[in-house]
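Here is the structure we will look at, set down as structure tokens.
These numbers come from the heavy atoms of this one structure, side chains and all, not from hydrogens, waters or symmetry mates.
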Number of protein chains: 2
Amino acid sequence: MRITALEEYGLRCMIILARCGKDQALTLPEISEREGLTVSYAGKLLMILRQADLVQAERGRHGGYKLAKPAESISLKEIFKALGEPVFNPAHCKRYSGENETCIHTKDCRVRDVWATLSMFIDDYLQGISLADLAYGEIKILKKLEAMKALAT
Amino acid sequence: MRITALEEYGLRCMIILARCGKDQALTLPEISEREGLTVSYAGKLLMILRQADLVQAERGRHGGYKLAKPAESISLKEIFKALGEPVFNPAHCKRYSGENETCIHTKDCRVRDVWATLSMFIDDYLQGISLADLAYGEIKILKKLEAMKALAT
DNA sequence: TTTAATCTTTACTAAAAAGTATAGATAAAA
DNA sequence: TTTTATCTATACTTTTTAGTAAAGATTAAA
């Protein structure tokens, strides 16, 4: 199970935007410079985020990107939804069907139950963390994570 | 976040072996036929599983693969560990470092905290499910998953 | 000892994901 | 109106993952 490059870098771009202040826009060169990415790649990431309505873009002089809404009201779940697929989705069983048309376990599949439940856990976890927590809630988020850990064990 | 092909198919091969009975061995053609995989690909998967000591192989006539220990004492966590990397590991920050030598957030990184905690949750979850649960615990596993869901919300 | 059925290993090809480049569109300032 | 700074879109290249092929090693039976 892997976090993809789009997810990792896309999230970091969101953090940078959250940190730069609500009404100030950052340009692609600025974003890419801060995260150590090429301008092209940052452009690709920001396009994805814009198409998901997570950021707003403005062209021309004084243009750039800013968050489409306050960091407090953007959850990691939303961000991940924009950047990739969930751990488990209905296409899974078709994708991993080997030589067959669909997976041979189509009905009554325990593996699917396990993935679906895990996927739900992950979604809940990501839902509970806001972009603001990550961008400037240094103390808050550590406490939150500690609390979640304690709950889990 | 994605489940990889090795993880998905590798787990399914383990389930097939668990279902075939403790002392009976299955050959590559048998395994591949049951899961709809090519013999070559099944060979690759089983080699990985063998090198992780999850299955035992015997060559020659009457050869084949069987589980290295009872399905009750093999957790999904072990199986996943053999087949791929965890969601978060120490190499992560180096891998996703953009143009830089290491990620610019090396010290005091909230993103890393979030991944590390998530990774721990996932491990706990996988640890709590045995191969036996998946292979022949039809009722048991559904109940288990329901209980875990209830706990989470 | 030969043969056939099996696993083992390594190298190869194909597909997907990651990352780059380039030409075009828009906005504002000169 | 021209120029410059910006985003946008698409096509391309590289790297990684997925999947295949083929030759070798082992075992047991004939």
Mind calculating the distance between [atom1] ([X]) and [atom2] ([N]) to the nearest angstrom?
X	N	atom1	atom2	result
Leu45(B)	dT9(C)	CG	P	15 Å
Glu7(B)	dG19(D)	CD	C1'	16 Å
Met1(A)	dT17(D)	CE	P	16 Å
Ile31(B)	dT6(C)	CD1	P	12 Å
Lys66(B)	dC7(C)	NZ	C1'	14 Å
Arg12(A)	dG19(C)	CZ	P	10 Å
Glu58(B)	dT26(D)	CD	P	14 Å
Ile48(B)	dC7(C)	CD1	C1'	15 Å

*Would you say Lys81(A) has more than 12 foreign heavy atoms packed within less than 6.0 Å of its NZ?*
no
_Using a 6.0 Å cut-off, check whether atom CD of Glu30(B) has over 12 heavy atoms from anything other than its own residue._
yes
Which one, [options], comes nearest to the side chain of [X]?
X	options	answer
Leu28(B)	dC7(C), dG19(D), dG19(C)	dC7(C)
Arg59(A)	dT6(D), dA9(D), dA28(C)	dT6(D)
Tyr65(A)	dT8(C), dA29(D), dT8(D)	dT8(D)
Ala5(A)	dT10(C), dA18(C), dA29(C)	dA18(C)

*Compute the ring centroids of Tyr125(A) and Phe121(B), then answer whether they are less than 6.0 Å apart.*
yes
*If you find the nucleotide of DNA chain D closest to Arg61(A) and the one closest to Thr27(A), which residue's nucleotide is nearer the 5' end?*
Arg61(A)
*How do Arg95(B) and Leu37(B) order along DNA chain D: which one's closest nucleotide is nearer the 5' end?*
Arg95(B)
*Check the pair Glu78(A), Lys69(A) against salt bridge (Lys or Arg N to Asp or Glu O under 4.0 Å), reporting the backbone distance first and the verdict last.*
CA-CA 12 Å; Glu78(A) 282 180 84; Lys69(A) 51 185 178 173; 3.0 Å; yes
Would you say a side-chain N or O of [X] is under 4.0 Å from OP1 or OP2 of [N]?
X	N	result
Thr38(B)	dT20(D)	yes
Gln56(A)	dC7(D)	no
Arg2(B)	dA18(C)	no
Tyr41(A)	dT14(D)	no
Arg50(A)	dA9(D)	yes

*asked:* Go through it in stages, so that I can follow the logic: the residues are Val55(A) and Met14(A), the test is side-chain contact (heavy atoms from CB on, under 4.5 Å), and I'd like the CA-CA distance, side-chain angles, deciding distance and then a yes or no.
replied: CA-CA 8 Å; Val55(A) 304; Met14(A) 290 294 284; 3.7 Å; yes
For [X], report the nucleic acid contact type (base, sugar-phosphate, nothing); a contact means any heavy atom under 4.0 Å.
X	answer
Gly43(B)	nothing
Glu8(B)	nothing
Leu26(A)	sugar-phosphate
Ser40(B)	base

*Toward the 5' end of DNA chain C, which comes first, Ala57(B) or Lys44(A), by nearest nucleotide?*
Ala57(B)
*asked:* Please check: side-chain N/O of Glu8(B) versus main-chain N/O of Ile3(B), any donor-acceptor pairing under 3.5 Å?
replied: no
